[in-house]
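Chain A is the first sequence line, chain B the second, and so forth, proteins listed ahead of strands; every chain is numbered from 1. These values consider heavy atoms only, across backbone and side chains, with no hydrogens, waters or symmetry-generated copies.
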There are 2 protein chains.
Amino acid sequence: MAISDTKEIIMGIGRARVQALGYNALSFREIAKEVGIKSASIHHHFPTKGDLGAALARRYTEDGVNYLEGLLAKSQDPKVLIKSYTDIFRSALVNDNRMCLCGIMAAEYQDLPDNVRTEVNAFTDANVKWLITVLSLQQGQSEAPNLRQKALAIFSAVEGAQLVSRGRNDIALFDRTVEVYRVAGLIP
Amino acid sequence: MAISDTKEIIMGIGRARVQALGYNALSFREIAKEVGIKSASIHHHFPTKGDLGAALARRYTEDGVNYLEGLLAKSQDPKVLIKSYTDIFRSALVNDNRMCLCGIMAAEYQDLPDNVRTEVNAFTDANVKWLITVLSLQQGQSEAPNLRQKALAIFSAVEGAQLVSRGRNDIALFDRTVEVYRVAGLIP
DNA sequence: ACCTGAACACCGTTCAAGT
DNA sequence: ACCTGAACACCGTTCAAGT
């Protein structure tokens with residue numbers, strides 16, 4: 001009923017499929033079947049599969065950034081913020097054992113068109129930027145010159161926890177791994 | 001010239017392709033072209049793509065276990081052993097930005113036939129088992145009841161470091177992330 | 001035992017054609 | 001602007017047929 005219905009519907013279906021199965025398993029023909037149009041029509045909204053993939057990654061990053069900024073408005077406690085952060089990755093697993101859209105695409109990196117790669121990297125950058133903000137809220141950490149490296153390590157570790165736990169379809173595994181990260185002091 | 005040439009050749013090509021592009025990008029027709037036979041002939045050695053995938057994961061785990069056991073024969077120093085361990089993942093990145101075969105397949109988990117899933121999980125189990133052995137060599141750690149959880153967290157973190165660094169095609173990123181893990185005390 | 005050609009139902013993409 | 005049918009070169013898989 002709103003403006004540009006079908007384009008949004010395509011993106012909704014596409015996001016769910018990529019998070020579940022990956023970019024390679026994304027099929028114009030199956031999306032078309034679900035939307036109720038022909039696969040050739042998808043190309044009118046997204047000229048190539050790469051264009052759809054890039055749009056999905058960009059939207060995913062936008063939504064993520066908005067959510068993360070909302071968290072910062074609610075709390076300045078690194079512990080609380082990081083708990084909310086890891087819960088995002090946790091909820092993807094709860095939701096049909098899905099993965100972070102950009103995490104699963106990172107695994108397919110060598111298969112990705114250039115414009116998709118760019119958007120996947122932008123997601124990492126956005127996460128690192130937010131994590132740096134959170135880390136700088138910690139006492140005595142604001143002057144550390146290696147906050148960026150620490151932020152990237154946290155992002156990498158959480159993505160890895162999601163990847164490995166997903167393979168066992170076991171949320172408790174994810175929880176325990178994150179707890180080990182916390183006890184070790186890798187995350188606040 | 002040796003026994004069962006073509007089967008081994010198929011597996012060699014298959015392993016390289018999966019580590020670079022993933023299970024979904026594995027193509028019987030392209031393997032056949034590289035081997036010099038027809039794609040229908042591949043099915044004589046591996047009835048389905050899943051059978052090839054499972055064989056690749058199983059072989060990969062066997063080779064990995066052999067290598068890891070060799071490391072234990074050379075040193076009992078956890079620091080040395082873990083350095084050798086992370087260097088395995090590092091060398092995959094150096095080698096044409098490839099990934100751990102089972103790590104990339106874990107991302108494709110929902111697409112995998114059951115027999116492939118089983119082999120991917122066996123790889124994780126083998127890694128965790130070896131890491132437990134290494135961790136138990138540490139002073140005052142042998143009595144810890146949560147060595148398994150720590151081992152899984154190390155495995156997850158290293159897989160994640162490889163996944164994220166690969167997306168940037170930057171080995172230095174991997175090195176710095178592993179260093180953060182080490183400084184935090186997540187790994188010896 | 002090992003390989004092949006032909007067929008099947010899939011895939012992304014293109015394009016001329018419709019409204 | 002949005003959609004379609006038909007064609008193209010891909011894909012895994014099957015199967016009857018060859019050696």
Side-chain angles (χ1 to χ4, degrees), chain A residues 1-18 20-57 104-105 108-117 119-120, chain B residues 1-18 20-57 104-105 108-117 119-120:
Chain A
M1 41 214 338
I3 348 163
S4 75
D5 276 323
T6 57
K7 190 164 185 172
E8 288 302 316
I9 293 170
I10 292 168
M11 288 189 73
I13 296 168
R15 180 192 284 212
R17 287 192 64 87
V18 172
L21 304 166
Y23 174 80
N24 276 322
L26 195 63
S27 158
F28 270 39
R29 284 172 138 98
E30 289 192 19
I31 294 174
K33 219 173 287 175
E34 207 169 330
V35 177
I37 56 178
K38 297 295 167 184
S39 84
S41 310
I42 308 276
H43 292 274
H44 178 260
H45 302 279
F46 302 97
T48 69
K49 185 172 160 177
D51 292 321
L52 174 56
L56 291 175
I104 199 165
M105 279 185 166
E108 307 176 282
Y109 198 73
Q110 306 273 31
D111 295 316
L112 300 179
D114 271 343
N115 52 343
V116 184
R117 290 186 180 183
E119 296 302 335
V120 169
Chain B
M1 42 228 317
I3 347 164
S4 74
D5 275 323
T6 56
K7 191 163 183 172
E8 288 302 316
I9 293 170
I10 291 168
M11 288 188 74
I13 296 169
R15 180 192 284 212
R17 286 191 66 88
V18 172
L21 303 166
Y23 174 80
N24 275 322
L26 195 63
S27 157
F28 270 39
R29 284 173 138 98
E30 287 191 21
I31 295 175
K33 220 174 285 177
E34 206 168 330
V35 177
I37 56 179
K38 297 296 167 184
S39 84
S41 309
I42 308 275
H43 291 275
H44 179 261
H45 301 281
F46 302 97
T48 68
K49 185 172 161 177
D51 293 320
L52 174 57
L56 290 175
I104 198 167
M105 278 185 166
E108 305 177 283
Y109 198 73
Q110 307 272 31
D111 295 315
L112 300 179
D114 271 343
N115 53 343
V116 184
R117 289 185 181 183
E119 296 301 336
V120 169

Separation of atom [atom1] in [X] from atom [atom2] in [N], rounded to whole Å:
X: Ile31(B); N: dT13(D); atom1: CD1; atom2: P; result: 11 Å
X: Lys38(A); N: dA7(D); atom1: NZ; atom2: C1'; result: 16 Å
X: Asp111(A); N: dC11(D); atom1: CG; atom2: P; result: 13 Å
X: Phe28(A); N: dC3(D); atom1: CZ; atom2: P; result: 14 Å
X: Ile42(B); N: dC15(D); atom1: CD1; atom2: C1'; result: 17 Å
X: Ile9(B); N: dC2(C); atom1: CD1; atom2: P; result: 13 Å
X: Arg17(A); N: dC11(C); atom1: CZ; atom2: C1'; result: 12 Å
X: Phe46(B); N: dA1(C); atom1: CZ; atom2: P; result: 16 Å

Look only at the side chain of [X] and the backbone of [Y], and say whether a donor-acceptor pair between them is shorter than 3.5 Å.
X: Arg117(A); Y: Tyr109(A); answer: yes
X: Lys49(A); Y: Leu26(A); answer: yes
X: Arg17(A); Y: Gly22(A); answer: no

Ignoring the backbone of [X], work out which of [options] is nearest its side chain.
X: Arg29(B); options: dG12(D), dT4(D), dC3(C); answer: dG12(D)
X: His44(A); options: dG12(C), dT14(D), dA1(D); answer: dA1(D)
X: Thr48(A); options: dT4(C), dT13(C), dC3(D); answer: dT13(C)
X: Ser27(A); options: dC11(C), dT14(D), dC3(D); answer: dC11(C)
X: Lys49(B); options: dT13(D), dG5(C), dG5(D); answer: dT13(D)
X: Thr6(B); options: dG5(D), dT4(C), dC3(C); answer: dC3(C)

With sugar-phosphate meaning primed atoms plus P, OP1 and OP2, does [X] contact a base, only sugar-phosphate, or nothing at under 4.0 Å between heavy atoms?
X: Leu26(B); result: sugar-phosphate
X: Ser39(A); result: base
X: Leu52(B); result: nothing

**OP:** Sort out the partner of dA7(D) for me: Watson-Crick or G-U wobble, both distances under 3.5 Å, none otherwise.
**Re:**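 The base-pairing partner of dA7(D), which may sit in any strand shown, is dT13(C).
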Subject >> Pair assignment for dC2(C), Watson-Crick or G-U wobble, requiring both distances under 3.5 Å >> reply: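 Because both required distances fall under 3.5 Å, dC2(C) counts as paired with dG18(D).
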Subject >> OP1 or OP2 of dT4(D) under 4.0 Å from side-chain N/O of Ser41(A) >> reply: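 Ser41(A) to dT4(D) OP1/OP2: side-chain N or O found under 4.0 Å.
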Original post:
Nearest heavy-atom pair of Ile104(A) and Leu21(A): which atoms, and what distance?
Top reply: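 Minimum heavy-atom separation between Ile104(A) and Leu21(A): CD1-C, 4.1 Å.
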**OP:** Specify the residue among Gly36(B) and Glu30(A) whose closest nucleotide of DNA chain C lies further upstream toward the 5′ end.
**Re:**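 Result of the comparison: Gly36(B).
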Original post:
Taking the nucleotide of DNA chain C with the closest heavy atom to each, which residue, His43(A) or His45(B), is nearer the 5' end?
Top reply: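 On the 5' side of the pair lies His45(B).
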**OP:** Mind checking the CG-NZ spacing from Leu52(A) to Lys7(A)? Nearest 0.5 Å is all I need.
**Re:**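 One finds 10.0 Å between CG of Leu52(A) and NZ of Lys7(A).
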Original post:
Regarding Lys33(B) and the six-membered ring of Phe28(B), is the cationic atom NZ or CZ under 6.0 Å from the ring centre and inside 45° of its axis?
Top reply: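 Negative - Lys33(B) is either too far from the ring of Phe28(B) or too far off its axis.
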